[in-house]
Amino acid sequence: MRRAITEAAKAQTKNEVPIGCVIVQDNKIVARGYNLRETSQDPAGHAEMIAIRKAARKRGSWRLLDTVLYVTLEPCTMCMGAIILARIPTVVFGCYDPKGGAAGSLYDLSSDPRLNHQVELVPRILESECSDLLSSFFAQLRMRKRRERIS
């Protein structure tokens with residue numbers, strides 16, 4: 001998870017929401033990603049989507065059966081959909097996302113028996129560090145916007 005936090009910090013340096021992701025196989029990182037939605041103007045530019053695409057290209061297969069995905073924030077519906085389609089068996093995440101999470105807070109796609117793949121979830125790993133990263137980013141953003149309105 002610390003490597004995912006490092007990826008999130010990279011996003012923050014680009015004024016992106018600081019969310020980072022790594023995909024691990026046999027205790028080795030096979031792919032990394034961080035939010036690039038604003039930079040790329042791509043609604044699918046989420047950390048998980050970027051890392052999943054990189055891992056699939058590197059492995060030469062869309063099936064990521066023997067991997068673990070680590071991400072600093074609970075995946076959204078799009079990312080959980082990609083995780084399920086990629087057959088990733090385990091997702092470890094830092095903090096819940098009550099406004100858009102699809103791994104237990106708003107929705108839980110991970111264990112829906114109607115889907116052809118279920119995902120083991122390991123939540124709240126380094127939760128306060130992940131949460132603090134997001135909280136400080138949004139506090140700074142609000143302050144910056146206030147200053148722009150005043151000027």
Side-chain angles (χ1 to χ4, degrees), residues 1-12 14-139 141-142:
M1 183 59 77
R2 293 211 185 277
R3 298 293 174 96
I5 292 170
T6 299
E7 294 300 307
K10 291 177 186 177
Q12 188 164 12
K14 295 182 178 215
N15 291 320
E16 294 277 357
V17 176
I19 300 170
C21 178
V22 295
I23 298 177
V24 174
Q25 177 187 11
D26 298 326
N27 293 317
K28 293 180 187 139
I29 294 174
V30 295
R32 305 167 195 269
Y34 55 87
N35 258 20
L36 286 172
R37 221 167 42 159
E38 296 298 328
T39 302
S40 64
Q41 289 299 298
D42 178 2
H46 290 202
E48 302 97 319
M49 298 297 289
I50 292 165
I52 289 168
R53 288 178 182 138
K54 285 179 180 178
R57 275 195 307 272
K58 188 172 185 177
R59 293 172 47 128
S61 175
W62 59 268
R63 290 179 187 89
L64 303 177
L65 293 166
D66 52 351
T67 61
V68 177
L69 184 143
Y70 293 82
V71 64
T72 56
L73 181 67
E74 175 187 8
C76 68
T77 54
M78 174 183 65
C79 293
M80 276 304 294
I83 288 163
I84 289 164
L85 291 172
R87 310 296 194 270
I88 296 172
T90 306
V91 171
V92 179
F93 65 91
C95 54
Y96 280 98
D97 180 2
K99 293 182 179 180
S105 60
L106 195 56
Y107 301 102
D108 189 358
L109 299 179
S110 69
S111 60
D112 190 323
R114 296 169 296 177
L115 300 172
N116 65 339
H117 176 71
Q118 280 71 49
V119 179
E120 176 189 2
L121 299 175
V122 183
R124 295 190 161 135
I125 303 303
L126 299 179
E127 180 178 27
S128 61
E129 288 179 49
C130 295
S131 180
D132 290 349
L133 201 65
L134 288 161
S135 297
S136 69
F137 172 80
F138 285 112
L141 185 63
R142 285 189 298 275

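Each residue takes its place number in the sequence, starting with 1.
- For Ala55, the side-chain contact (heavy atoms from CB on, under 4.5 Å) partners two or more places apart in sequence, or in a different chain, are Ile23, Val30, Ala31, Leu64.
- Here the CD1-CG distance, from Ile84 to Asn116, works out to 8.5 Å after rounding to the nearest 0.5 Å.
- Counting only residues at least two apart or on different chains, no ring-ring contact (aromatic ring centres under 6.0 Å, His included) pair has a member in residues 46-77.
- The two residues Gly33 and Glu7 come nearest to each other via the heavy atoms O-CB, 3.5 Å.
- Shown here are the side-chain contact (heavy atoms from CB on, under 4.5 Å) partners of Leu134, two or more places apart in sequence or in another chain: Val17, Pro18, Ile19, Leu73, Cys95, Phe138.
- Residues meeting the ring pair (Phe, Tyr, Trp, His ring centres under 6.0 Å) test with Phe137, sequence neighbours left out: none.
- Using a 4.5 Å heavy-atom threshold, the side chains of Cys130 and Met1 count as touching.
- Sorted by first and then second residue, the side-chain hydrogen bond (donor to acceptor under 3.5 Å, both in side chains) pairs with a member in residues 73-88 read Glu74-Ser105; sequence neighbours excluded.
- Within the 4.5 Å cutoff, no side-chain heavy atoms of Leu106 are placed close to those of Pro98.
- Counting only residues at least two apart or on different chains, the salt bridge (Lys or Arg N to Asp or Glu O under 4.0 Å) pairs with a member in residues 113-132 are Arg2-Glu129, Asp112-Arg114, Arg124-Glu127.
- Nearest heavy atom pair, residue Val91 against residue Val71, reads CG1-CG1, 4.5 Å.
- Between Lys14 and Tyr34, the closest side-chain pair of non-hydrogen atoms falls below 4.5 Å.
- Sorted pairs that involve residues 91-108 and meet salt bridge (Lys or Arg N to Asp or Glu O under 4.0 Å), not counting sequence neighbours, are lacking altogether.
- Counting only residues at least two apart or in different chains, salt bridge (Lys or Arg N to Asp or Glu O under 4.0 Å) contacts with residues 33-62 comprise Arg59-Asp66.
- Contacts of Gln12 classified as side-chain hydrogen bond (donor to acceptor under 3.5 Å, both in side chains), with partners at least two apart in sequence or in another chain: none.
- Residues Met80 and Leu109 come closest through the heavy atom pair CB-CD1, 4.0 Å.
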